[in-house]
Novice: 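Structure below; questions to follow.
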Amino acid sequence: MHDPSAVASDSSNFIRDTIDADLATGKMSTIITRFPPEPNGYLHIGHAKSICLNFGIARDYKGYCNLRFDDTNPEKEEQEYIDSIRRDVEWLGFEWHSNPFASDYFDQLYAWAVDLITQGKAYVDSQSAEEIRANRGTLTEPGNDSPYRERSVEENLELFEDMKNDKYNDGEHVLRARIDMASPNINMRDPVLYRILHATHHNTGDKWCIYPLYDFTHGLSDAIEGVTHSLCTLEFEDHRPLYDWILDNLETPSRPVQIEFARLQLEYSLTSKRKLNMLVNEGQVSGWDDPRMLTISGMRRRGFTPQSIINFCDMIGITKKYSTIEMGVLETALRDDLNTRATRRMAVVDPLKVIIENYPADQEEWFNGPNHPQNPDFGSREVPFSREIYIERDDFMEDAPKKFFRLSPGREVRLRFAYYITCKEVIKNAAGKIESLICTYDPESRGGSSPDGRKVRGTIHWVSARHAVDAQVNLYDRLFTSPNPGAAADFHQALNPDSHIVMDNAKLEPAIELTDNSIAYQFERLGYFISDYDSSNDNPVFNRTMTLRDSWAKIEQSQ
RNA sequence: UGGGCCGUCGCCAAGUGGUAAGGCACCAGGUUUUGAUCCUGGCAUUCGUUGGUUCGAAUCCAGCCGGCCCAGCCA
């Protein structure tokens, strides 16, 4: 049976409304979309929004979506980016119908350009780039016609062919659409269609020395692929008249329409490719897949699940309104998904040794702990206990306020799954730093409850010292301290100096896979963790994906 | 200030002339061997603003205010 609640993207948006209307009028019967990245960088959370939109619509309307590389600028594009983009889209769980390059269409595009020239709707301009700019006019003043605007069709044809045949240097000529130099829309003031560029293209090699520009290429590529709805971001709104002009003046196999939506803006983050590049090149982060980066590859390494990203995209919606999403939305999407799928374990990130003086030194016990508190399907594992254990340093406080439910001198807490212990003595070194705690345990409280029914408010996690696995744990936090680092004159000043803290003395319970990053763990009371790419059995490394919600921190702050 | 687009709760977002969905956040309770999860309740007499049309307007019209985008041989 069909369960309507199983459809994730069932909330309407203006694009789906348009599609519904087009379908209703019979304008088309199959919905075809495309996700068209330029392979000049890594995909980030902003691209995820577009991917979910395009692939999501194709899926829901039983159509299909292409992954098209918009590779018309050979100077910026690289195979490395192509590989990473394919990998990221696949990882998110989407399947493309086909995966063409815009460069696959260069021959057809060239023929169409010739067609435009023949119709007298395009001409070769021999002005310099500076002259073209000077003659374009301004926002409030019209431009001036190029002195080459009235060249004959024959001359244009010959020049354009010579451009293609490598008779000229870069910048000597360009092909321009002949539209209107006085148009109030600057994109319509005879936009450049082709430029000469002696660069080796990742796909076409040295076959071409002229390359079409985005505006000429995009709509025609859509038309070749039969794309029905070409979805792009708001900054292309002004390009739509040009998109339409090109399609209206050429005979194409289909007639797509462009619809624009607002790009994602997320608090405390940057999605500008240029700035992301700076972070990588300056070594502010370890690479494109640094777990603090909101690139798809960084998020993957950090421990995000594809579903959490998809859920996030569903939560934020699609509109034309310029808006900024709070980080809390992403964090909630992440926590909600991880909560259902993470295996519970105990780990101590900042260890403080506890010696249970009345527990026999040669004794050990194994306690059974469920792998998930709400889902029995996860099963359980055995957790070793012994006389010396580690607890989290901040689970002990010498002068604790009343509301502090954890350990402090004279107070009793529950060790999860094990016993009640009471703190008897605090051992400090010469510098006054707490080195260990001497406690006693109540043998009657085995399993975590006592026959006399006395209440113990606090339950803390622990790891048996003798059985502990040493590990490094990376604690990650947001990369920027300012909600809008992109708005600062220099985003470097907004960099969070504590965005990555290395804990190199963490203690893990033994039942943890050290190198399997397909397993999401919740280290109880600490957060969600995943083993890092660099983790090995000899040198285990875990990344903190996200903390748990922490209402104690709130109480603490408000006091 | 030429053109284009946008203004509904702190942040998102439904709503398409019939009397303001939902999520996040926040607040107050309950359950809990994770101060997690989960559950319950609260949270816009009002839709940038002013005026108009209408029995009735967030929805239609006009003016005003505010914000974003465009002058690459980038995408």
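Letters A, B, ... are given to chains in the order of the sequence lines, protein chains preceding strands, and every chain is numbered from 1.
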Novice: Going by number, which of residues 256-269 of chain A have a non-hydrogen atom under 4.0 Å from RNA chain B?
Specialist: none
Novice: Across all strands shown, which nucleotide pairs with rA25(B) by Watson-Crick or G-U wobble geometry, both distances under 3.5 Å?
Specialist: none
Novice: Taking atom P in both rA13(B) and rG23(B), what distance in whole Å separates the two?
Specialist: 16 Å
Novice: If the C1' atom of rC43(B) is compared with that of rG3(B), how far apart are they to the nearest Å?
Specialist: 42 Å
Novice: With sequence neighbours left out, what residues match Asp452(A) under salt bridge (Lys or Arg N to Asp or Glu O under 4.0 Å)?
Specialist: Arg454(A)
Novice: State plainly whether the residues Glu225(A) and Arg34(A) are in salt-bridge range, i.e. N to O under 4.0 Å.
Specialist: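 Salt bridge between Glu225(A) and Arg34(A), a charged N being under 4.0 Å from a carboxylate O: no.
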Novice: Using a strict 4.0 Å threshold on nitrogen-to-oxygen distance, state whether Lys76(A) and Glu38(A) make a salt bridge.
Specialist: no
Novice: In this structure, how many angstroms lie between the C1' atom of rU37(B) and the CE atom of Met546(A), rounded?
Specialist: 17 Å
Novice: Only counting residues at least two apart or in another chain, list the ones meeting side chain to side chain donor-acceptor pair (under 3.5 Å) with Asp166(A).
Specialist: His198(A)
Novice: Out of the candidates Tyr390(A), Phe417(A), Tyr419(A), only one should pair with Phe385(A) under the ring-ring contact (aromatic ring centres under 6.0 Å, His included) rule; please name it.
Specialist: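 Among Tyr390(A), Phe417(A), Tyr419(A), the one meeting ring-ring contact (aromatic ring centres under 6.0 Å, His included) with Phe385(A) is Tyr419(A).
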Novice: From CG of Asn484(A) over to C1' of rG67(B), roughly how many Å is that when rounded to an integer?
Specialist: 14 Å
Novice: Which nucleotide wins on minimum distance to the side chain of Lys554(A), given the candidates rC27(B), rG35(B), rG4(B)?
Specialist: rC27(B)
Novice: Does the structure show a Watson-Crick or G-U wobble partner for rG7(B), both distances under 3.5 Å? Name it, or say none.
Specialist: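 The answer is rC65(B), by the H-bond criterion.
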Novice: Whole angstrom is fine here: how far is it from CZ in Arg525(A) over to P in rU32(B)?
Specialist: 18 Å
Novice: Figure out the CD/P separation between Glu331(A) and rU37(B), and round it to whole Å.
Specialist: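 After rounding, the gap between these two atoms is 13 Å.
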Novice: Tell me, please, which residues at least two apart from Tyr123(A) pass side chain to side chain donor-acceptor pair (under 3.5 Å).
Specialist: Asp190(A)
Novice: Is it true that Glu235(A) and Arg263(A) have a side-chain N and a carboxylate O under 4.0 angstrom from each other?
Specialist: yes
Novice: If you pin Asn185(A) and Leu548(A) to their nearest nucleotides in RNA chain B, which one's is more 5'?
Specialist: Asn185(A)
Novice: When rounded to the nearest Å, what value does the distance between P atoms of rU8(B) and rU50(B) take?
Specialist: 16 Å
Novice: Has the side chain of Asp550(A) got a donor or acceptor atom sitting under 3.5 Å from an opposite partner on the base of rG35(B)?
Specialist: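 Looking at the base of rG35(B), it does not pair with any donor or acceptor on the side chain of Asp550(A) (distance under 3.5 Å).
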Novice: Classify the nucleic acid contact of Asn339(A) as base, sugar-phosphate or nothing, counting any heavy atom under 4.0 Å across all strands shown.
Specialist: sugar-phosphate
Novice: Above 12 or not: heavy atoms from other molecules or residues under 6.0 Å from CZ of Arg411(A)?
Specialist: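 Enclosed.
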Novice: Taking only residues two or more places apart in sequence or in another chain, which ones pass side chain to side chain donor-acceptor pair (under 3.5 Å) with Tyr528(A)?
Specialist: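 If we apply the side chain to side chain donor-acceptor pair (under 3.5 Å) test to Tyr528(A), skipping adjacent residues, the hits are Gln522(A).
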Novice: Report, one pair per line, the protein and nucleotides 12-14 of chain B atoms (nitrogen or oxygen only) whose separation is under 3.5 Å.
Specialist:
from: rC12(B); atom 1: OP1; to: Thr324(A); atom 2: N; distance (Å): 2.8
from: rC12(B); atom 1: OP1; to: Thr324(A); atom 2: O; distance (Å): 3.4
from: rC12(B); atom 1: O5'; to: Thr324(A); atom 2: O; distance (Å): 3.3
from: rC12(B); atom 1: O2'; to: Ile316(A); atom 2: O; distance (Å): 3.0
from: rA13(B); atom 1: OP1; to: Thr319(A); atom 2: OG1; distance (Å): 2.7
from: rA13(B); atom 1: OP2; to: Lys321(A); atom 2: NZ; distance (Å): 3.4
from: rA14(B); atom 1: O3'; to: Ser12(A); atom 2: OG; distance (Å): 3.2

Novice: So that I know where these two stand, are Tyr81(A) and Tyr42(A) an aromatic pair - ring centroids less than 6.0 Å apart?
Specialist: yes
Novice: Of all the choices, rC24(B), rG3(B), rU34(B), which nucleotide is nearest to the side chain of Arg549(A) once you look at every atom?
Specialist: rC24(B)
Novice: Could you pull out all residues at least two apart from Glu392(A) that satisfy salt bridge (Lys or Arg N to Asp or Glu O under 4.0 Å)?
Specialist: none
Novice: What distance, rounded to whole Å, do you find between the two C1' atoms, one in rG7(B) and one in rC47(B)?
Specialist: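 Those two atoms are separated by 10 Å.
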Novice: Using a cut-off of strictly less than 4.0 Å between a heavy atom of the residue and any atom of RNA chain B, enumerate the qualifying residues of residues 366-384 of chain A by number.
Specialist: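 Contacting residues: Pro373(A), Gln374(A).
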Novice: Rounded to whole Å, how long is the line connecting atom CG of Asp337(A) with atom P of rU37(B)?
Specialist: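 Distance check: Asp337(A) CG to rU37(B) P gives 15 Å.
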Novice: Is there a donor and acceptor pair, one atom on the side chain of Glu326(A) and one on the base of rG10(B), closer than 3.5 Å?
Specialist: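 Between rG10(B) and Glu326(A), which were checked side chain against base, a qualifying N/O pair under 3.5 Å is present.
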Novice: Given that both distances must come in under 3.5 Å, which nucleotide forms a Watson-Crick or G-U wobble pair with rC60(B)?
Specialist: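 Paired with rC60(B), as far as the under-3.5 Å criterion goes, is rG52(B).
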Novice: Given the C1' atoms of rC9(B) and rC26(B), what is the spacing between them in whole Å?
Specialist: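 Going atom to atom, C1' in each nucleotide, I get 12 Å.
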Novice: Please enumerate all residues that pass salt bridge (Lys or Arg N to Asp or Glu O under 4.0 Å) together with Arg406(A), with sequence neighbours excluded.
Specialist: Asp395(A)
Novice: Whole angstrom is fine here: how far is it from CD in Gln522(A) over to P in rU37(B)?
Specialist: 10 Å
Novice: In the structure shown, which nucleotide is the Watson-Crick or G-U wobble counterpart of rC38(B), with both distances under 3.5 Å?
Specialist: rG30(B)
Novice: Just checking Arg457(A): base, sugar-phosphate only, or nothing, at a heavy-atom cut-off of under 4.0 Å?
Specialist: nothing
Novice: How would you list, by chain and number, every residue that makes a side chain to side chain donor-acceptor pair (under 3.5 Å) with Glu509(A), sequence neighbours excluded?
Specialist: Arg381(A)
Novice: Is it the case that Arg478(A) places NZ or CZ above or below the six-membered ring of Tyr268(A), under 6.0 angstrom from the centre and within 45 degrees of the axis?
Specialist: yes
Novice: Detail all sub-3.5 Å separations between protein N/O atoms and N/O atoms belonging to nucleotides 71-75 of chain B.
Specialist:
from: rA71(B); atom 1: O2'; to: Arg136(A); atom 2: NE; distance (Å): 3.2
from: rG72(B); atom 1: OP2; to: Arg136(A); atom 2: NH2; distance (Å): 3.2
from: rC73(B); atom 1: OP1; to: Arg136(A); atom 2: NH2; distance (Å): 3.2
from: rC73(B); atom 1: OP2; to: Arg136(A); atom 2: NH1; distance (Å): 3.2
from: rC73(B); atom 1: N4; to: Gln127(A); atom 2: O; distance (Å): 3.1
from: rC73(B); atom 1: N4; to: Ala129(A); atom 2: N; distance (Å): 3.0
from: rC73(B); atom 1: N4; to: Gly171(A); atom 2: O; distance (Å): 3.3
from: rC74(B); atom 1: OP2; to: Arg195(A); atom 2: NE; distance (Å): 3.0
from: rC74(B); atom 1: OP2; to: Arg195(A); atom 2: NH2; distance (Å): 2.9
from: rC74(B); atom 1: O3'; to: Arg195(A); atom 2: NH2; distance (Å): 3.3
from: rC74(B); atom 1: O2'; to: Asn73(A); atom 2: ND2; distance (Å): 2.9
from: rA75(B); atom 1: OP1; to: Thr72(A); atom 2: OG1; distance (Å): 2.5
from: rA75(B); atom 1: OP1; to: Arg195(A); atom 2: NH2; distance (Å): 3.2
from: rA75(B); atom 1: OP2; to: Tyr214(A); atom 2: N; distance (Å): 2.9
from: rA75(B); atom 1: N6; to: His239(A); atom 2: NE2; distance (Å): 3.3

Novice: Should the heavy atoms of other residues, nucleotides or ligands under 6.0 Å from CZ of Arg149(A) be counted, would the total exceed 12?
Specialist: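 For Arg149(A), atom CZ is crowded (more than 12 foreign heavy atoms under 6.0 Å).
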Novice: To the nearest Å, give me how far apart CZ (Phe417(A)) and P (rU32(B)) are.
Specialist: 17 Å
Novice: If I take atom CG in residue Leu330(A) and atom C1' in nucleotide rC11(B), what distance separates them, rounded to the nearest angstrom?
Specialist: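 Rounding to the nearest Å, CG of Leu330(A) and C1' of rC11(B) are 13 Å apart.
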Novice: With sequence neighbours excluded, tell me which residues meet salt bridge (Lys or Arg N to Asp or Glu O under 4.0 Å) with Glu524(A).
Specialist: Arg416(A)
Novice: Mind checking the P distance from rC38(B) to rU46(B)? Whole angstroms is fine.
Specialist: 34 Å
Novice: With P as the reference atom in both, quote the distance from rG48(B) to rC24(B) in angstrom, rounded to an integer.
Specialist: 25 Å
